[in-house]
Amino acid sequence: MDFVEQLKSSVDIVQVIQEYVRLRKAGPSRYSGLCPFHNEKTPSFSVHAGHQFYKCFGCGAAGDVLKFVMEMERISFYEALKLLAERHGIPMPRRSEYSDPETKLRAALYQMHELAEEAFHTNLKGGVGTEAREYLERRGVAPEISTEFGLGYAERSGRGLVRLFEKHNFTGEQMEASGLVLKRDDGSFYDRFRHRLMFPIHNESAKIIGFGGRALDPGEQAKYLNSPETPIYRKSYLLYNLHRAKQGIRQTDRVVLVEGYMDVIGVYASGVHEVVASCGTALTSQQVQAMKRHSEKIVVNFDPDAAGANAAERSINMLLDESMHVRMVELDGGLDPDEYCKQRGSEAYRAKLDAAKNYFYWLADRARGKFDMRTAEGRVAGFQFLLPGIQRLSDKLERLAVVNDVAGYLGVDPGPVLENFRKAAAERRERTVRHAAEPVRAVERILLNLVLVNADARSHLLPRLKRMPALAQFSTRRIFEAVFALDEAGNTVMFSDLDARLEENDRTLLASAVLADETDSEVLSLEQGEACLLTLESAQRDTERAAIKAQVRAAERDGNFPEALRLSAELSRIDRG
Ligand SMILES: [Zn+2]
């Protein structure tokens, strides 16, 4: 068995995918969930534990565990292999046959980031890190927390990382690509981060892919400086702390979204583990999708200042577009989440999260602040301000209830708005076309599932099936032909081998046969397979009989009685079976 096969047989695809997607058990070996590769509200993504594959009937994404990791992490085949091997403690043969230049560059960048984190952390603990340590102390960050988050300090000289990377023989090209080092006009290099408190940024697989740096010099213009986009760091896809938070997000079934690194650390340290932040960018739809894979419920807790409120307002629409359930927290005393946790304690903060208001009340309060609610015009303007947010609610009843609530809250007539909503809803219905898998006939489905898992069924059923004229009418004809070919070559008929021999359409057909609600191959018996063949055989006899009867009638009409007699004899032979 080659290494790829060995790896695939020792990892559980359900377990691997569950790291990224919440799956629900849909049968003895079937799981379903929201597709991570396209935006959807009802699950069309399935995973089959027995045959170890996934398939989305919405966007067509499909494959084995390696393909999933490649697509999810946007990495090469070799990197996916390496990642799974490392995660499961399977030693990987040292070969570079899968490795292309881009893969090699990314591997170097990961290594450089690890080295940088170690160096920054050592700085923080050492003599040069005094100022940074004092800052953390002022902000109430305990040393254990600073270690857990891998905080560090980038020294003033601007030569620390350059020297480190040179010592490890990284090339100038690699250094530049890392984003950690900048090139002067004369070709020499210097560190991007100088005299800053450093926050490592991890991807969902817990690999360090970038840094955020907070200035320690109050005169510094840029308070925060982040790594630029690199071959391993794509800002719009990344949420700070998601790799640590995802466990907590699933347990509590909610995401707490805050604005900055220090908020994440403060909130996390107080025991609320489901907290993430976007890394110095406005919230993107990719980031929302990353959260949504773990929970569809979000509590937004941005800073209480005007900038925070504006950012929250923009985020609401982005979140609603991805069908998240959005609630808003407002903390009293003008405190940000970090300060609140420290001053009032985690219990008080948790109570605030639990009592968070639905976003439209928060928006209504914003409207009250923006418009003059004493005049009719002001109230209407306020209502108009709220509409886009309400319109994004996907549930119709909820939408109508909210319109009534908010109209009452602002003292306006909801009538005309409701009328508009009805029209918009009708248009939306027309636009929505549901992608459904082509259903496979019950007999074909049962036979296919049986021959995939049961060697007895193969030896008993395949020879008979092969001779059947009915096979020509099967929608799964080409799949069975591939089964025959594998069987004749003396192979066990494995799902993956079969799948590999098929064209795209037949692959989808095979997946839908294997994932159909009524199909649980473990409980299918050889007797059921026999019954299917009998059904097919008797249907075949019916067809033949009908054809001969028609010929008899034609012969009689033409006065060709010897032919009519011969055909009648054939008919009774068929009837005797
Ligand atoms: Zn999909």
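Start at 1 and go down the list; that is how both ligands and their atoms are numbered. When reading the values below, keep in mind they use all heavy atoms of this one structure, side chains included, and skip hydrogens, waters and symmetry mates.
Within the 4.5 Å cutoff, side-chain heavy atoms of Y268 are placed close to those of N241.
Relative to the ring axis of F53, K67 does not place its NZ or CZ within 45° and under 6.0 Å from the centre. Cation-pi geometry between R244 and F149 is met: under 6.0 angstrom from the ring centre, within 45 degrees of the axis.
A parallel orientation is assigned to the rings of H51 and H48, their planes being inclined by less than 30° (bins at 30° and 60°). Using cut-offs of 30° and 60° for the angle between ring planes, the F199 and Y224 rings count as tilted.
With sequence neighbours excluded, no residue satisfies salt bridge (Lys or Arg N to Asp or Glu O under 4.0 Å) with R314.
Protein N/O/S atoms closer than 2.8 Å to the Zn ion (ligand 1), listed by chain and residue number, are C35 SG, H38 ND1, C56 SG, C59 SG.
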